[in-house]
Amino acid sequence: MAEKQEKKLVGIVMGSTSDWDIMKEAAKMCRDFGIPFETRALSAHRTPEELSNWIAKMEAQGAQAIIAGAGGAAHLAGVVASHTILPVFGVPIPSKYMKGMDSLLSMVQMPKGIPVSTLAIGEAGAANAALAVVAVLALNDPEMREKLLAFRHRQVDKVKDAVIPELD
């Protein structure tokens with residue numbers, strides 16, 4: 001008898017494996033909140049058919065959102081959004097020449113009707129993309145809402161408990 005696979009609520013896709021150093025922050029945040037996820041490296045330009053098939057598979061398996069990270073032309077998030085009605089959260093990956101500004105501008109300038117919720121460039125954007133997904137899931141999941149509230153309280157405590165170093 002085949003083992004039943006755990007339903008993946010979130011898809012995390014990046015343009016290439018070189019984007020993992022940034023996108024692992026989204027995966028860590030999902031893991032920390034107990035959200036089942038699947039990660040893939042698929043290119044909007046080099047593997048468009050595989051990308052389309054993966055999006056359809058994620059939808060069929062009950063995914064609730066997709067986080068897409070890419071650099072340079074950064075078309076991945078927009079292509080993903082054109083293939084699904086799931087919320088898509090875009091993470092601009094820092095690029096060699098423009099430090100991610102090219103990626104950010106490409107993602108944020110989506111045509112009317114194909115939304116991509118675009119986050120900050122880099123690690124903070126990847127972590128915040130996952131937190132945005134947590135917030136969406138928390139709308140209909142009281143347990144997830146409690147986890148998110150507890151996370152926010154820990155954030156407050158970190159600031160309140162911070163000690164400013166003495167001058168030398």
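Quick note: residue numbers are just sequence positions, from 1.
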Cluster check [X], [Y]: I/L/V/M/F/W/Y, side chain < 4.5 angstrom:
X    : Y   : answer
I93  : M14 : yes
M29  : V10 : yes
L104 : V91 : no

Can you name the nearest heavy-atom pair linking [X] to [Y], along with the distance?
X    : Y   : result
L119 : P92 : O-CD, 3.3 Å
R46  : G15 : NH2-O, 3.8 Å
K8   : F37 : CD-O, 3.4 Å
S106 : H75 : OG-CD2, 3.9 Å
A44  : P48 : O-CB, 3.6 Å
S95  : G72 : CB-N, 4.1 Å

Trace of the side-chain contact (heavy atoms from CB on, under 4.5 Å) decision for V134 with K147 = CA-CA 9 Å; V134 170; K147 287 179 181 181; 6.0 Å; no

Could you go step by step and tell me if V80 and V116 meet the side-chain contact (heavy atoms from CB on, under 4.5 Å) rule?
-> CA-CA 9 Å; V80 170; V116 170; over 6 Å; no

Could you tell me whether E50 and R40 have a side-chain N and a carboxylate O separated by less than 4.0 Å?
-> no

Candidates E38, H83, E59 - the one meeting side-chain hydrogen bond (donor to acceptor under 3.5 Å, both in side chains) with W54 | E38

Do other residues, nucleotides or ligands put more than 12 heavy atoms under 6.0 Å from the CD1 atom of I85?
-> no

Considering residues, nucleotides and ligands other than Q155, do more than 12 of their heavy atoms fall under 6.0 Å from its CD?
-> yes

Are F33 and L131 side-chain neighbours, meaning at least one heavy-atom pair lies under 4.5 Å?
-> yes

